[in-house]
Amino acid sequence: MKKRKVLKIMVSILIMLFFIFSIVNVDYSLIIWLTLFWSLILISFFEFIAFQITKKNYLTLGKLEESKNKIKDIIIALAFIGFCYFFIEYSYLIGIETNQFKSYFFGKSKSNISDVLILLTLLKSLVIDNTFFYITKEGLVTHGDYFQNYLWKDFKEYSLIEEQSLIRFKNKNDKFLFIKYEESYFQEDKIEITTVLNKNIPYV
């Protein structure tokens, strides 16, 4: 879980540096940014592989009930990419001059790196099913998606809605997370699953 928090911070730093390097001339900015970016890609890749190897040791919980979240994530990703492009490409409209760093991604003589970034984002959203949750000692994790993981302390309470095969978690911010389970494996591991949940979250 701590490693995943580090990766979240790295993503935030990359986004921040992208805007800074596009409007402020910094020596070796392109090398710095691309080194951080590809380091993040490699770390994420190996973390994902490690998760696939170790997930057999985790309790299977179920799939995120709100499938529309996947579409929402794709729309948000595309909207963010579009915002970055128009902000950098047309920054002169608001009196901000860009530099060579920006030209590497969006200039007339650009490489295809921006296309690669877009492709990687789309592939991650479309190919990797990150809505299936597993139980670990620390909390709930998905298939290597670092933005859909929860620590036990993130939840206030949980309840079972057995007629709909749902587990409802209430977050500290009073938002709900619904996870749908399949009767077959849930009934088989129900005692173990509920024991872990009751140990970490109040049942209501």
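Any value given below was found using the heavy atoms of this structure, including those in side chains, with hydrogens, waters and symmetry copies removed.
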Using only atom types and a distance under 3.5 Å, with no angle test, would you say the side chain of Asp189 pairs donor to acceptor with the backbone of Phe186? no
Do Ile179 and Leu166 have side-chain heavy atoms sitting under 4.5 Å apart? no
Validation row: Leu30, Phe21 side chains within 4.5 angstrom (heavy atoms): no
I want to check something: taking the side chain as every heavy atom from C-beta on, are Phe155 and Asn171 in contact at a cut-off of under 4.5 Å? yes
Kindly check if the number of other-residue, nucleotide or ligand heavy atoms within 6.0 Å of NZ (Lys137) is above 12? no
In terms of hydrophobic clustering (I, L, V, M, F, W, Y; side-chain heavy atoms under 4.5 Å; direct or indirect links), are Trp38 and Leu36 co-clustered? yes
Using only atom types and a distance under 3.5 Å, with no angle test, would you say the side chain of Asn173 pairs donor to acceptor with the backbone of Lys175? yes
Between Lys180 and Gln164 (side chain of the first, backbone of the second, donor and acceptor by atom type, cut-off under 3.5 Å), is there such a pair? yes
Note, Asp154 side chain near Leu151 side chain (heavy atom, < 4.5 Å): yes
Indicate yes or no: does Glu183 engage Lys190 in a salt bridge with an N to O separation below 4.0 Å. no
Consider only side-chain heavy atoms of I, L, V, M, F, W and Y, link residues closer than 4.5 Å, and tell whether Ile191 and Tyr58 are in one cluster. no
Hey, what's the ring geometry for Trp33 with Phe37, parallel, tilted or perpendicular (30° and 60° as the breaks)? parallel
Neighbour count above 12 (heavy atom, 6.0 Å) for Leu42 CG: yes
Output, in order, the C-alpha distance, side-chain angles, deciding distance and verdict of side-chain hydrogen bond (donor to acceptor under 3.5 Å, both in side chains) for Tyr158 and Asn198. CA-CA 9 Å; Tyr158 89 98; Asn198 290 334; 2.6 Å; yes
Could you grab the distance from atom OG of Ser159 to atom CD1 of Ile161, nearest 0.5 Å is fine? 5.0 Å
Does one hydrophobic cluster hold both Ile201 and Val204, with members joined at side-chain heavy-atom distances below 4.5 Å? no
If we ignore hydrogens and angles and just use 3.5 Å, is the side chain of Trp152 paired with the main-chain N or O of Leu140 as donor and acceptor? no
Those residues that, when tested against Lys170, pass salt bridge (charged side-chain N to carboxylate O under 4.0 Å, His left out) (two or more places apart): Asp174
Identify the heavy atoms of Tyr203 and Leu160 that sit nearest to each other, and give their distance. CE1-N, 3.5 Å
Non-hydrogen atoms of Tyr181 and Leu61 that approach each other most closely: CB-O, 3.3 Å
ring-ring contact (aromatic ring centres under 6.0 Å, His included) between Phe176 and Phe169, intermediate numbers included: CA-CA 6 Å; Phe176 290 100; Phe169 295 91; over 10 Å; no
Here the gap from Glu157 atom CD to Leu197 atom CG, rounded to the nearest 0.5 Å, amounts to 13.0 Å
